[in-house]
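Provided herewith is a single structure, encoded as structure tokens, for subsequent inquiry.
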Amino acid sequence: MKDNLPERLQSWYAHEKHRYEFRLKRDIYRTWITEIFLQQTQINAAKEKLKFFLATFPTVTSLAQGDISEVLQCFQGMGYYTRARNMHRAAQIIVKDHHAKIPTSYTALKKIPGIGHYTAAMLASIHGKEKILALDANHVRVLSRLYEIPYTAHSQSFADAARKYAEVFLESTMPPGDVNEALMQWGQIICTKTPKCSICFASEFCKSFQNNTQNLYPQKTKRVEAVLVNWIMLIYRYKDKYQVFFNDGNFPFLKGELLFASIIDNHIIPKNFSKKGINEIIRNAEKLPVDIHHAITHHKIAVKLMEKKHTLPNGDFFTLDELQKKCHSSLMQKVLKQLRNPKLF
DNA sequence: AAGTCGGGGCC
DNA sequence: GGCCCAGACTT
């Protein structure tokens, strides 16, 4: 056993490094796409979609020339659809402003849409050998416990302290990209929410292990209470085509997506929906059972579906098959599934 | 610094 | 039913 921490991390990582398929062939484009796909997403949920995406858009140029609707389809069901839009826009910027070569410096990367501190630091450390600490949830858990960092996870104070403590790794013989990836894997399989200190190579260096304070770190801000949302969806249909509306941002959920006409309290889509009928619809909906339960960050959503006989002005008409491709959210997919069940309507 | 934005897996 | 996750962006 080595007697200093960076060497232990390096030998542990050399032995335990995950051989992910997306790591077999590595270039900065693939690393970039991988980081975007895995943001706030578990690897198992994303890896098949990621594989398909890299086969469909193998280069930054092919992505830049690709159709945004095709890009969005690759993200179907994964949430955070703005990351798909940002990624597509970023590819066009890289082609136009960087001769289709993704920059490798942190400063240049950070200016690209959808690339924040974490992704810029990962790409610059792996592909530019910059000694810069990435900070994701895993880094936060590992470093906060190792050094008992007394600041809340997303504060500037925490970032400053973490960067200072991480110097011992970044200034070691370990390549900076490996430092960031090893810290991440450490947090992923050992320093988990309930940490596995008995198998940790670093426990004798760890302040939280010494003081038995693992559950006090990382320090967090108090959680936000979930808000209950009653969402009435109005299903307007002409023959086999259903009417949907583009959420330009006036409706509070799923901005940029196609939605059925909807009412949530005083939010309405389409916004020119006749104000007169709304109160009656809300009254009628009170007697109806909830058709779909869904959760969106800090919200518990109860959806009631009401089939309507006529149609509204504006809006677009699509068949269920078409909507299954055009609607990317799991909520709308749940609704479409209900509409396919003839017993319910 | 806090709020917003999807969704699913896990306990 | 709450917590958490390979975060970025706006306010």
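Every chain is numbered from 1 and lettered A, B, ... according to where its sequence line falls, protein lines coming before strand lines.
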Tell me whether the rings of Trp32(A) and Tyr29(A) are parallel (<30°), tilted (30 to 60°) or perpendicular (>60°). perpendicular
For the side chain of Thr221(A), counting heavy atoms from C-beta on, which of dA2(B), dG9(B), dA6(C) is nearest? dA2(B)
Of Lys334(A) and Gln156(A), whose nearest nucleotide on DNA chain B comes first from the 5' end? Gln156(A)
Charged N-O contact under 4.0 Å between Asp316(A) and Lys241(A): no
5'-most by nearest nucleotide on DNA chain C - Lys110(A) or Met184(A): Met184(A)
dG7(C) base to Tyr118(A) side chain: any donor-acceptor pair below 3.5 Å? no
Give Ile36(A) one of three labels, base, sugar-phosphate or nothing, depending on what nucleic acid heavy atoms sit under 4.0 Å from its own. nothing
Using a heavy-atom cut-off of 4.0 Å across all strands, would you classify Thr82(A) as base, sugar-phosphate, or nothing? nothing
Value in whole Å for how far the P atom of dC4(C) lies from CD of Gln188(A): 17 Å
Please check the phosphate of dG7(C) (OP1 and OP2 only) for any side-chain N or O of Gln40(A) closer than 4.0 Å. yes
Counting any heavy atom closer than 4.0 Å, what does His154(A) reach on the DNA or RNA strands: base, sugar-phosphate only, or nothing? nothing
Protein-nucleotide distance (Arg83(A), atom CZ; dC9(C), atom P), rounded to Å: 13 Å
Please work out if Ala137(A) contacts a base, only the sugar-phosphate, or nothing of the nucleic acid, heavy-atom cut-off 4.0 Å. sugar-phosphate
Given DNA chain C, 5'-ward residue of the pair Glu35(A) and Gly114(A), judged by closest heavy atom: Glu35(A)
On a whole-Å scale, what distance lies between the C1' atoms belonging to dC3(C) and dG6(B)? 16 Å
Nearest-neighbour nucleotide for the Gln42(A) side chain, dA6(C), dG9(B), dG6(B) considered: dG9(B)
Give Thr297(A) one of three labels, base, sugar-phosphate or nothing, depending on what nucleic acid heavy atoms sit under 4.0 Å from its own. base
Scan Arg23(A) against the nucleic acid and name what it touches under 4.0 Å (heavy atoms): base, sugar-phosphate only, or nothing. base
Heavy atoms only, 4.0 Å cut-off, all strands: where does Phe22(A) land among base, sugar-phosphate and nothing? base
Could you measure between the two C1' atoms, the one in dG9(B) and the one in dA8(C), and give it in whole Å? 23 Å
Between C1' on dA6(C) and OH on Tyr20(A), what's the gap in Å once rounded to a whole number? 9 Å
Taking only N and O in the side chain of His294(A), is any of them less than 4.0 Å away from OP1 or OP2 of dG7(B)? yes
Modelled atom types, side-chain donor and acceptor of Lys300(A) and His293(A), under 3.5 Å: no
Between Arg83(A) and Thr41(A), do the side chains contain a donor N or O and an acceptor N or O under 3.5 Å apart? yes
Counting any heavy atom closer than 4.0 Å, what does Phe37(A) reach on the DNA or RNA strands: base, sugar-phosphate only, or nothing? nothing
Side chains of Thr152(A) and Thr221(A) only: does a donor on one sit below 3.5 Å from an acceptor on the other? no
Within this structure, what is the NZ-to-C1' distance between Lys255(A) and dG3(B), rounded to whole angstrom? 11 Å
dC3(C), OP1 or OP2 - any side-chain N/O from Lys220(A) closer than 4.0 Å? no
Gap between atoms CD and C1', on Gln39(A) and dA8(C) respectively (whole Å): 7 Å
Hey, which of these two, Thr41(A) or Ser155(A), hits DNA chain B nearer its 5' end, going by closest nucleotide? Ser155(A)
Scan side-chain atoms only and decide if His127(A) and Thr31(A) contain a donor-acceptor pair under the 3.5 Å cut-off. yes
At less than 4.0 Å, is any side-chain N or O atom of Thr194(A) found next to OP1 or OP2 of dC11(B)? Yes or no. no
Contact class for Asn44(A) (heavy atom, under 4.0 Å): base, sugar-phosphate, or nothing? nothing
Taken to the nearest whole Å, CD1/Ile296(A) to C1'/dG6(B) is 6 Å
Whether Lys193(A) contacts dC11(B) is assessed here as follows: a side-chain N or O lying under 4.0 Å from the phosphate OP1 or OP2. Is that the case? no
On a whole-Å scale, what distance lies between the P atoms belonging to dA6(C) and dG3(B)? 24 Å
So Leu135(A), base contact, sugar-phosphate only, or nothing? Heavy-atom distance under 4.0 Å. nothing
Short side-chain N/O contact to dG2(C) OP1/OP2 from Lys300(A), under 4.0 Å: yes
Presence of Ser330(A) side-chain N/O under 4.0 Å of dG8(B) phosphate oxygens OP1/OP2: yes
Salt bridge or not for Arg85(A) and Glu257(A), using N-O below 4.0 Å? yes
Expressed in angstrom and rounded to an integer, what is the separation of Glu257(A) atom CD from dC5(B) atom P? 13 Å
Under-4.0 Å salt bridge between Arg8(A) and Glu16(A): no
Separation of dG7(B) atom C1' from Phe253(A) atom CZ, nearest Å, is 14 Å
